[in-house]
Q: 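Let me give you the structure first, and then I'll get to my questions.
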Amino acid sequence: MKNKFASFLAATVLALGATAASASTITYDVRNITNGVFGDYQAGWNAQSSIITSNNLSNFNGAVGSNNGYDHLSVNFNVGNVAVGSNLLFQFAPDAGYGASIYVDGALIDTKAYDVWWNFSWADSNQQLAGLFNNVSYGAHTIDLYWAEGCCNGGQGARFSVNGGNWQDVSVANLDALGVPEPGSLALLGLAISGLALSRRKQA
């Protein structure tokens with residue numbers, strides 16, 4: 001019985017650590033333009049009557065959008081103790097011939113109502129959409145982009161930096177690193193569970 005309880009405690013600690021470190025998703029949806037292009041790109045996305053094709057990506061870089069279509073990119077990630085209070089700067093380079101908008105945690109941050117095409121260069125901020133988290137809070141965060149493209153779709157990109165450090169791809173692996181608890185947090189959790197185990201043993 002004691003061995004089973006110890007195994008349960010160890011599995012609990014591992015599961016909690018894994019949950020904190022692997023909660024990010026990058027979802028890329030596309031659909032055909034059937035009802036025209038709107039200046040409000042989120043409303044335009046919702047107004048189309050076409051079928052939505054959805055893909056879960058491990059990395060947005062290199063993803064090719066739709067021709068004559070609307071696109072929706074949703075990036076979901078958690079911030080753990082190691083990243084709380086950091087400044088996170090995200091840059092997105094969609095191929096958006098009709099323009100694009102970006103939302104951070106549900107709030108509209110920027111709209112580019114013209115042909116956005118980065119040509120595989122991060123040098124021109126007018127051809128990108130940026131999302132900034134100042135003093136980012138603990139927990140779940142979401143970035144949504146909506147855009148529309150006519151013909152001639154091309155490769156796209158996205159990157160982010162932490163406190164002005166090196167740029168990283170917007171990938172599930174890199175985003176997961178933001179959600180990892182400090183080693184000390186897991187150690188405290190382990191001590192608490194060990195204390196519970198000792199208490200059970202004494203009661204027995």
Side-chain angles (χ1 to χ4, degrees), residues 24-33 36-45 48 52-79 83 86-136 141-179:
S24 305
T25 59
I26 302 172
T27 306
Y28 190 17
D29 304 322
V30 297
R31 66 190 315 181
N32 291 334
I33 296 173
V37 176
F38 293 50
D40 181 333
Y41 298 99
Q42 184 183 54
W45 165 267
Q48 308 309 309
I52 297 172
T53 301
S54 183
N55 291 288
N56 290 321
L57 306 179
S58 61
N59 191 329
F60 178 68
N61 285 272
V64 177
S66 59
N67 283 323
N68 190 37
Y70 263 96
D71 299 54
H72 171 216
L73 179 70
S74 181
V75 178
N76 298 275
F77 62 97
N78 283 325
V79 171
S86 299
N87 296 325
L88 307 180
L89 176 60
F90 286 81
Q91 292 180 332
F92 293 88
D95 185 6
Y98 294 127
S101 292
I102 182 171
Y103 293 76
V104 170
D105 287 340
L108 177 62
I109 298 301
D110 189 20
T111 294
K112 299 267 193 305
Y114 51 79
D115 185 359
V116 176
W117 169 238
W118 69 317
N119 199 24
F120 301 98
S121 170
W122 293 106
D124 187 356
S125 61
N126 290 322
Q127 300 301 316
Q128 307 157 25
L129 290 101
L132 176 63
F133 294 83
N134 278 315
N135 191 24
V136 67
H141 298 278
T142 301
I143 301 173
D144 287 290
L145 282 88
Y146 298 88
W147 68 95
E149 168 66 0
C151 75
C152 317
N153 58 343
Q156 304 169 109
R159 64 182 188 172
F160 72 97
S161 68
V162 181
N163 294 325
N166 294 333
W167 290 105
Q168 306 175 57
D169 284 355
V170 173
S171 68
V172 168
N174 289 337
L175 293 170
D176 279 349
L178 298 174

Q: Might you confirm whether atom CG of Asn163 has over 12 heavy atoms from other residues, nucleotides or ligands at distances under 6.0 Å?
A: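 Enclosed: over 12 neighbouring heavy atoms sit under 6.0 Å from CG of Asn163.
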Q: Within a strict 4.5 Å, meaning less than it, do heavy atoms of the Phe77 and Ile143 side chains meet?
A: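 Counting from C-beta outward, Phe77 and Ile143 do come under 4.5 Å.
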Q: Please examine the side chains of Val170 and Val75, heavy atoms only from C-beta on, and report whether any two atoms are closer than 4.5 Å.
A: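 Heavy-atom side-chain distance check passes, below 4.5 Å.
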Q: Would you call Val116 and Phe92 a side-chain contact if the rule is heavy atoms closer than 4.5 Å?
A: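 With C-beta onward as the side chain, the pair stays apart.
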Q: Does Asn55 use its side chain to pair, donor to acceptor, with the backbone of Leu57 at less than 3.5 Å?
A: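 Flag not set: sc Asn55 to bb Leu57 has no pair under 3.5 Å.
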Q: Nearest 0.5 Å please: distance from the CG atom of Asn68 over to the CG atom of Asn32.
A: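 Interatomic distance, Asn68 CG to Asn32 CG, rounded to 0.5 Å: 6.5 Å.
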Q: Is it true that a side-chain atom of Asn56 and a backbone atom of Thr27 form a donor plus acceptor pair closer than 3.5 Å?
A: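 No: the side chain of Asn56 does not pair with the backbone of Thr27.
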Q: Testing the basics here: between Gly157 and Asn61, what is the closest heavy-atom pair and its distance to 0.1 Å?
A: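 Scanning both residues completely, I find the closest heavy atoms to be CA-OD1, 3.4 Å.
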Q: Rounded to the nearest 0.5 Å, what separation is found between the OG atom of Ser66 and the CG atom of Asn153?
A: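 Ser66 atom OG to Asn153 atom CG measures 7.0 Å (nearest 0.5 Å).
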Q: Which pair of non-hydrogen atoms, one from Ile33 and one from Ala148, has the smallest distance, and what is that distance?
A: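 Of all heavy-atom pairs spanning Ile33 and Ala148, the closest is CD1-CB, 4.4 Å.
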Q: I'd like to check Ile26 versus Leu175 (side-chain heavy atoms, cut-off strictly below 4.5 Å). Are they in contact?
A: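 Side-chain contact under 4.5 Å: yes.
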Q: Within the structure provided, determine whether Tyr70 and Val30 are in side-chain contact (heavy-atom separation under 4.5 Å).
A: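 Answer no - side chains too far apart.
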Q: Which of these passes side-chain hydrogen bond (donor to acceptor under 3.5 Å, both in side chains) with Asp71: Trp45, Tyr41, Tyr146, Tyr28?
A: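 Passing option: Tyr28.
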Q: Can you find a pair of side-chain heavy atoms, one from Ser161 and one from Asn166, that are under 4.5 Å apart?
A: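 No. Closest side-chain heavy atoms not under 4.5 Å.
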Q: Any chance you could lay out the side-chain contact (heavy atoms from CB on, under 4.5 Å) test for His141 and Val79, step after step, and finish with the verdict?
A: CA-CA 8 Å; His141 298 278; Val79 171; 3.6 Å; yes
Q: Short question: side chain of Asn87, backbone of Asn135 - any donor-acceptor pair under 3.5 Å?
A: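 Yes; judged by distance alone, with no hydrogens or angles, the pair exists.
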Q: Given the rule in the side chain to side chain donor-acceptor pair (under 3.5 Å) test, do Asp169 and Asn59 qualify, once you have shown the distances and angles that lead to the verdict?
A: CA-CA 7 Å; Asp169 284 355; Asn59 191 329; 3.2 Å; yes
Q: From Leu73 CG over to Asp29 CG, what is the distance, rounded to the nearest 0.5 angstrom?
A: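 So the gap between those two atoms works out to 8.5 Å.
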Q: For Arg31 and Gln48, test the side chains for any donor-to-acceptor distance below 3.5 angstrom and give the result as yes or no.
A: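 Note: Arg31 and Gln48 side chains miss the donor-acceptor criterion.
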Q: Does the side-chain contact (heavy atoms from CB on, under 4.5 Å) test come out yes or no for Asp105 and Phe133, once each step is laid out?
A: CA-CA 10 Å; Asp105 287 340; Phe133 294 83; 3.6 Å; yes
Q: So which heavy atom on Thr111 is nearest to which on Ser101, and how close?
A: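 What the structure gives for the nearest pair is OG1-OG, 2.8 Å.
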Q: Looking at Gly155, is its backbone amide N or carbonyl O close enough to the side chain of Trp118 to form a donor-acceptor pair, meaning the two atoms are under 3.5 Å apart?
A: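 Yes; at least one donor-acceptor contact below 3.5 Å.
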Q: Does some side-chain heavy atom of Glu149 sit less than 4.5 Å from a side-chain heavy atom of Tyr98?
A: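 Tyr98 vs Glu149: side chains apart.
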Q: Checking the side chain of Asp110 only, and the main-chain atoms of Leu129 only, is there a donor and an acceptor separated by less than 3.5 Å?
A: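 No, the answer is negative, given that no donor and acceptor are paired below the 3.5 Å cut-off.
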Q: When you measure from the side chain of Gln156 to the backbone N and O of Ala93, does any donor-acceptor pair fall under 3.5 Å?
A: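 Checking the backbone N and O of Ala93 against the side chain of Gln156, no donor-acceptor pair under 3.5 Å is found.
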Q: Considering only heavy atoms from C-beta outward, does the side chain of Val162 approach that of Leu178 to under 4.5 Å?
A: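 A side-chain contact under 4.5 Å exists here.
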Q: Would you check if the side chain of Gln168 reaches a backbone N or O of Arg159 as a donor-acceptor pair within less than 3.5 Å?
A: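 Checking the backbone N and O of Arg159 against the side chain of Gln168, no donor-acceptor pair under 3.5 Å is found.
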Q: Would you please indicate yes or no on a ring centroid separation below 6.0 angstrom for Phe120 and Trp117?
A: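 Here the rings of Phe120 and Trp117 have centres that are less than 6.0 Å from each other.
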Q: Identify, with sequence neighbours excluded, every residue that meets side chain to side chain donor-acceptor pair (under 3.5 Å) alongside Ser74.
A: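 Ser74 satisfies side chain to side chain donor-acceptor pair (under 3.5 Å) with Asn76, Asp144 once adjacent residues are dropped.
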Q: Examine distances only and state if a side-chain atom of Lys112 and a backbone atom of Gln128 form a donor-acceptor pair shorter than 3.5 Å.
A: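 Side chain of Lys112 to backbone of Gln128: a pair is present.
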Q: Got a second to check how far Gln42's CD is from Trp147's CH2, nearest 0.5 Å?
A: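 One finds 13.5 Å between CD of Gln42 and CH2 of Trp147.
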